[in-house]
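Report on the following structure.
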Amino acid sequence: EPEVTQTPSHQVTQMGQEVILRCVPISNHLYFYWYRQILGQKVEFLVSFYNNEISEKSEIFDDQFSVERPDGSNFTLKIRSTKLEDSAMYFCASSGLLSGANVLTFGAGSRLTVL
Amino acid sequence: ILNVEQSPQSLHVQEGDSTNFTCSFPSSNFYALHWYRWETAKSPEALFVMTLNGDEKKKGRISATLNTNEGYSYLYIKGSQPEDSATYLCALYSGNTPLVFGKGTRLSVIA
């Protein structure tokens with residue numbers, strides 16, 4: 001069964017460093033998402049991406065964050081200068097359709113720890 | 001801001017017990033409700049997408065109901081097994097907005 005893969009599974013970084021989290025969505029999906037979950041809190045939406053551009057982003061997704069689909073298969077989330085509060089599990093997801101009736105297929109997550 | 005609430009936050013049951021938990025959501029602008037199962041170190045896995053008031057869906061020993069008038073969905077697990085131990089997430093889709101997730105119910109099934 002097709003799956004969404006994420007790397008790295010865990011990254012530890014120093015505050016102020018740049019981090020890139022990578023995702024390979026399902027190949028025939030068109031909509032891509034990043035969510036995150038801070039320990040003990042809700043899964044929060046960060047950004048959605050369609051047709052090579054951001055379609056929606058949350059308040060969390062400020063200028064320190066960016067996304068890219070550089071080569072038609074990878075979908076990356078970059079945090080330019082990490083802060084302690086960026087420590088979270090970051091999930092990539094993809095879907096074939098925009099409809100809310102269409103499920104998201106999630107990756108297993110990348111745990112980011114900022115020291 | 002849409003608020004999706006799940007209860008209880010965590011639950012411990014004995015193997016063989018049946019259990020259920022709740023997802024509450026604003027009933028206005030409802031499009032769809034998703035249920036996902038998230039096992040530790042794995043991807044959240046879609047269980048159900050429910051769109052119609054009164055919907056009942058079933059997948060093996062797991063079933064879900066939906067009441068969009070009063071804004072809740074129940075997830076039931078019949079005869080819980082240790083492999084059912086996971087966090088169960090519900091998420092609301094209200095049209096033109098991303099999915100809004102609840103905090104999840106963490107289920108532990110004790111053998």
Side-chain angles (χ1 to χ4, degrees), chain A residues 1-10 21 23-26 29 31-50 54-61 65 67 88-111, chain B residues 1-10 23-53 55 57 59 62 64 66 68 73 86-106:
Chain A
E1 189 169 330
E3 59 180 29
V4 174
T5 55
Q6 289 186 241
T7 53
S9 56
H10 188 191
L21 305 179
C23 170
V24 180
I26 291 174
H29 280 185
Y31 298 89
F32 313 112
Y33 309 85
W34 283 100
Y35 284 81
R36 78 173 185 189
Q37 187 186 39
I38 295 171
L39 191 63
Q41 297 186 24
K42 294 185 180 186
V43 174
E44 301 172 293
F45 169 76
L46 293 177
V47 66
S48 57
F49 193 86
Y50 169 70
I54 290 173
S55 48
E56 190 149 7
K57 60 183 181 179
S58 71
E59 293 173 351
I60 302 167
F61 195 88
F65 290 87
V67 288
M89 180 74 91
Y90 287 80
F91 290 100
C92 173
S94 67
S95 68
L97 297 170
L98 182 58
S99 163
N102 206 55
V103 297
L104 300 184
T105 303
F106 283 90
S110 293
R111 181 171 296 284
Chain B
I1 297 177
L2 296 173
N3 198 26
V4 176
E5 297 289 342
Q6 290 188 248
S7 62
Q9 192 172 338
S10 66
C23 174
S24 303
F25 52 87
S27 52
S28 58
N29 297 322
F30 175 88
Y31 275 69
L33 188 86
H34 296 215
W35 280 101
Y36 291 86
R37 178 171 70 188
W38 180 22
E39 294 180 66
T40 304
K42 294 186 179 179
S43 313
E45 171 201 357
L47 289 173
F48 307 113
V49 177
M50 310 178 80
T51 56
L52 298 175
N53 184 43
D55 250 357
K57 297 216 170 177
K59 189 175 183 176
I62 304 176
L66 178 68
T68 59
S73 175
T87 296
Y88 291 83
L89 297 166
C90 70
L92 175 69
Y93 180 68
S94 293
N96 298 323
T97 60
L99 282 179
V100 176
F101 282 83
K103 212 167 179 177
T105 292
R106 184 188 296 271

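Side chains included, hydrogens not; waters and symmetry mates left out as well; all remaining heavy atoms used. Residue numbers start from 1 in every chain, and the chains themselves are labelled A, B, ... in the order their sequence lines are given, proteins ahead of strands.
- Considering all non-hydrogen atoms of both residues, B:P44 and A:F106 come closest at CD-CB, 3.6 Å.
- When every heavy atom of B:K103 is checked against every heavy atom of A:Q41, the shortest pair comes out as CE-CA, 3.9 Å.
- At distances below 3.5 Å, at least one donor-acceptor pair connects side-chain atoms of A:K42 with backbone N or O atoms of B:V4.
- For B:E45, the salt bridge (charged side-chain N to carboxylate O under 4.0 Å, His left out) criterion is met by B:R37, B:K59, not counting sequence neighbours.
- In this structure, CH2 in B:W38 is found 5.5 Å from CE in A:M89, a value given to the nearest 0.5 Å.
- Among A:Y35, A:Y33, A:F45, the one residue that satisfies the side-chain contact (heavy atoms from CB on, under 4.5 Å) test with B:L99 is A:Y35.
- The neighbour count for B:N29 CG, taken as heavy atoms of other residues, nucleotides or ligands under 6.0 Å away, does not exceed 12.
- The structure places CZ of A:F91 at 9.0 Å from CZ of B:F101, a figure rounded to the nearest 0.5 Å.
- Between chain B and the options A:S55, A:G107, A:S58, the largest number of non-hydrogen pairs under 4.5 Å is found for A:G107.
- Using a 4.5 Å cut-off between heavy atoms, B:A41 touches chain A through its backbone atoms (N, CA, C, O) alone.
- Heavy-atom distances place the side chain of B:L89, and not its backbone, under 4.5 Å from chain A.
- Side-chain contact between A:E3 and B:S43 is absent, with no heavy atoms from C-beta onward closer than 4.5 Å.
- For B:K57, the NZ atom is densely surrounded, since the number of other residues' heavy atoms within 6.0 Å is greater than 12.
- The backbone N or O of A:V103 lies less than 3.5 Å from no partner atom in the side chain of B:Y36, so there is not a single donor-acceptor pair.
- By the side chain to side chain contact (heavy atoms under 4.5 Å, CB included) test, A:S94 pairs with A:V4, A:P25, A:I26, A:H29, A:F32, sequence neighbours left out.
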